[in-house]
Peer 1: 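Can you keep this structure in mind? I'll have questions shortly.
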Amino acid sequence: MSNHSRFNERCYQLLKLVPEGRVTTYREIARALKSNAWRAVGSAMAKNRQLIVIPCHRVVRSYGSIGQYASGVDAKANLLIGEGVDIVDNKVKDLKKHLFQFGH
DNA sequence: GGCGTGACCCCAT
DNA sequence: TATGGGGCCACGC
């Protein structure tokens with residue numbers, strides 16, 4: 001385990017584990033890191049410049065709202081829909097169905 | 001070495 | 001059912 005990594009990078013590594021058609025939440029990532037820094041997780045995503053390598057479009061809010069995205073919420077919604085996630089009015093229709101958990 | 005900021009969360013009106 | 005406000009943490013200046 002490299003606890004030497006920056007918090008941001010640990011978020012990215014976790015995010016890479018989320019497969020297509022699945023989503024996770026800012027809170028789940030923080031929880032997986034044994035932290036309550038959901039805020040910091042959001043900041044980490046915002047600073048992500050490698051949109052292709054790091055699929056931050058698969059991160060949504062706890063209530064299912066898709067939140068924000070560097071290229072706009074519409075792009076985020078379309079990407080998710082393209083992966084098979086049901087999106088209605090910028091919200092995940094059935095979060096429980098698509099939610100990927102890191103095993104806790 | 002302190003302070004503001006942000007792709008958030010949740011409860012109380 | 002909609003909003004408001006307080007709280008949480010890492011990062012950069």
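Residue numbers start from 1 in every chain, and the chains themselves are labelled A, B, ... in the order their sequence lines are given, proteins ahead of strands. Side-chain atoms are counted along with the backbone in the values below, which use heavy atoms only and exclude waters and symmetry mates.
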Peer 1: In whole Å, what is the span from the CH2 atom of A:Trp38 to the P atom of B:dC8?
Peer 2: 12 Å
Peer 1: Whether the side chain of A:Arg39 and the base of B:dC8 hold a donor-acceptor pair under 3.5 Å is what I'd like checked.
Peer 2: yes
Peer 1: Taking all non-hydrogen atoms of both residues, which atom of A:Leu15 and which atom of A:Cys56 are closest, and how far apart?
Peer 2: CD2-CA, 3.4 Å
Peer 1: Can you measure from CG (A:Leu51) to CE (A:Met45) and round to the nearest 0.5 angstrom?
Peer 2: 11.0 Å
Peer 1: Measure the CG-CD1 distance between A:Leu95 and A:Ile66 for me, rounded to the nearest 0.5 Å.
Peer 2: 12.5 Å
Peer 1: With a non-hydrogen cut-off below 4.0 angstrom, is A:Asn8 in contact with a base, only sugar-phosphate, or nothing?
Peer 2: sugar-phosphate
Peer 1: Strictly below 4.0 Å: does A:Ser43 bring a side-chain N or O up to OP1 or OP2 of C:dA10?
Peer 2: no
Peer 1: How close do A:Arg61 and A:Thr25 get, counting heavy atoms only, and between which atoms?
Peer 2: O-CG2, 3.7 Å
Peer 1: Please report, rounded to the nearest Å, how far the C1' atom of C:dC11 is from the CZ atom of A:Arg6.
Peer 2: 8 Å
Peer 1: Using a 3.5 Å distance criterion without hydrogens, assess whether the side chain of A:Tyr26 forms a donor-acceptor pair with backbone atoms of A:Ala37.
Peer 2: no
Peer 1: Between B:dC8, C:dA10, C:dC8, which nucleotide gets closest to the side-chain atoms of A:Arg61?
Peer 2: B:dC8
Peer 1: Show every donor-acceptor pair shorter than 3.5 Å between a side-chain atom in residues 82-89 of chain A and any protein atom, with sequence neighbours excluded, or say none if there are none.
Peer 2:
residue, atom, partner, partner atom, Å
A:Glu83, OE1, A:Arg58, NE, 3.0
A:Glu83, OE2, A:His57, NE2, 3.0
A:Glu83, OE2, A:Arg58, NE, 3.4
A:Glu83, OE2, A:Arg58, NH2, 3.0
A:Asp89, OD2, A:Lys91, NZ, 3.4

Peer 1: If I take atom CG in residue A:Asn36 and atom P in nucleotide B:dC9, what distance separates them, rounded to the nearest angstrom?
Peer 2: 12 Å
Peer 1: Whole-Å distance between C:dA10 P and A:Glu9 CD?
Peer 2: 16 Å
Peer 1: Is there a side-chain polar atom (N or O) of A:Arg27 under 4.0 Å from OP1 or OP2 of B:dC10?
Peer 2: yes
Peer 1: Between atom OH in A:Tyr26 and atom C1' in B:dC9, what is the gap in whole Å?
Peer 2: 12 Å
Peer 1: Just to be sure I understand the geometry, which residues of residues 63-98 of chain A put a non-hydrogen atom under 4.0 Å away from DNA chain C?
Peer 2: none
Peer 1: Can you check the A:Lys34 NZ to C:dC9 P distance for me, whole Å?
Peer 2: 16 Å
Peer 1: State plainly whether one hydrophobic cluster holds both A:Ile54 and A:Phe100, where clusters connect Ile, Leu, Val, Met, Phe, Trp and Tyr through side-chain heavy atoms under 4.5 angstrom apart.
Peer 2: yes
Peer 1: Which nucleotide in the set C:dA10, C:dC11, B:dC9 lies at the smallest distance from any side-chain heavy atom of A:Ala37?
Peer 2: C:dA10
Peer 1: Whole-Å distance between B:dC9 P and A:Glu28 CD?
Peer 2: 10 Å
Peer 1: Rounding to an integer number of Å, can you tell me how far A:Tyr12 OH sits from C:dC11 C1'?
Peer 2: 11 Å
Peer 1: Rounding to an integer number of angstrom, what distance separates B:dG4 and C:dG6 when you compare their P atoms?
Peer 2: 16 Å
